[in-house]
Amino acid sequence: MSKMVVLLAQCSILPEARDVAIAEMTKMLAPSRAEEGCISYTFYENPLAPNDFIFVEEWESGEAIKFHFATDFFKAFFDAIGPLVASPPVIKTYEVSDVHAL
């Protein structure tokens, strides 16, 4: 693979909403990974900052990400996660021109 777009989305979850938020984030994995243009899709919790999560996503193109954001399941996720976050999410994309496995 020579090109891709990497998306990093960070969000801090209210401590009392942690379990519900993890359940909502987990529901996103299978349908997102099944989307055309999705290379990889997962999330992690920061071990040094409990309740701070980051999504790490690899997509074939920016258009694939736009399609992802327009899906019904993404819109439902965004609506469900909104009241659970401690602050607005920070979402960044990076266009990668070449990928090499080390």
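All values derive from a computational prediction rather than experimental measurement.
Put simply, Val96 and Ile65 are part of two different groups of oily side chains (I, L, V, M, F, W, Y) that touch within less than 4.5 Å, one to the next. Grouping the Ile, Leu, Val, Met, Phe, Trp and Tyr side chains by contacts below 4.5 angstrom, directly or via other members, places Val56 with Val99. In this structure, Leu7 is not a member of the same hydrophobic cluster as Met4, with clusters built from ILVMFWY side-chain heavy atoms closer than 4.5 Å. Phe78 and Met25 fall within a single hydrophobic cluster, where Ile, Leu, Val, Met, Phe, Trp and Tyr side chains are chained together by heavy-atom contacts under 4.5 Å. Under the 4.5 Å side-chain contact rule for hydrophobic residues, Leu29 and Phe77 share a cluster.
Applying the ring pair (Phe, Tyr, Trp, His ring centres under 6.0 Å) rule to pairs touching residues 5-43 yields Tyr41-Phe55, Tyr41-His68, Phe43-Phe55, sequence neighbours excluded. Among pairs with a residue in residues 18-29, those fulfilling side chain to side chain donor-acceptor pair (under 3.5 Å) read Arg18-Glu45, Arg18-Asn51, Glu24-Lys27, at least two apart in sequence or across chains. Sorted by first and then second residue, the salt bridge (Lys or Arg N to Asp or Glu O under 4.0 Å) pairs involving residues 61-90 (not counting sequence neighbours) form an empty list.
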Could you pull out all donor-acceptor pairs under 3.5 Å where a side-chain atom in residues 80-94 meets a protein atom, sequence neighbours excluded?
none

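The line from OH of Tyr44 to CD1 of Ile54 is 10.0 Å long, rounded to the nearest 0.5 Å. We find the CH2-CD1 distance between Trp59 and Ile39 to be 9.5 Å, quoted to the nearest 0.5 Å. Note: Glu95 CD to Ser97 OG = 9.5 Å, rounded to the nearest 0.5 Å.
When every heavy atom of Val5 is checked against every heavy atom of Gly62, the shortest pair comes out as CG2-N, 3.7 Å. For the pair Pro31 and Met28, the tightest heavy-atom approach, listed with the atom from each and the gap, is CD-O, 3.6 Å.
Every side-chain hydrogen bond (donor to acceptor under 3.5 Å, both in side chains) that Ser40 has, sequence neighbours left out, goes to Glu58. Evaluation of the side-chain contact (heavy atoms from CB on, under 4.5 Å) rule for Asn46 yields Leu48, Ala49, Asp52 as partners, not counting sequence neighbours. For Thr71, the side-chain contact (heavy atoms from CB on, under 4.5 Å) partners two or more places apart in sequence, or in a different chain, are Glu35, Phe67, Phe73, Phe74.
Two residues are said to be in side-chain contact when any heavy atoms from C-beta on lie closer than 4.5 Å; Thr42 and Arg33 meet this criterion.
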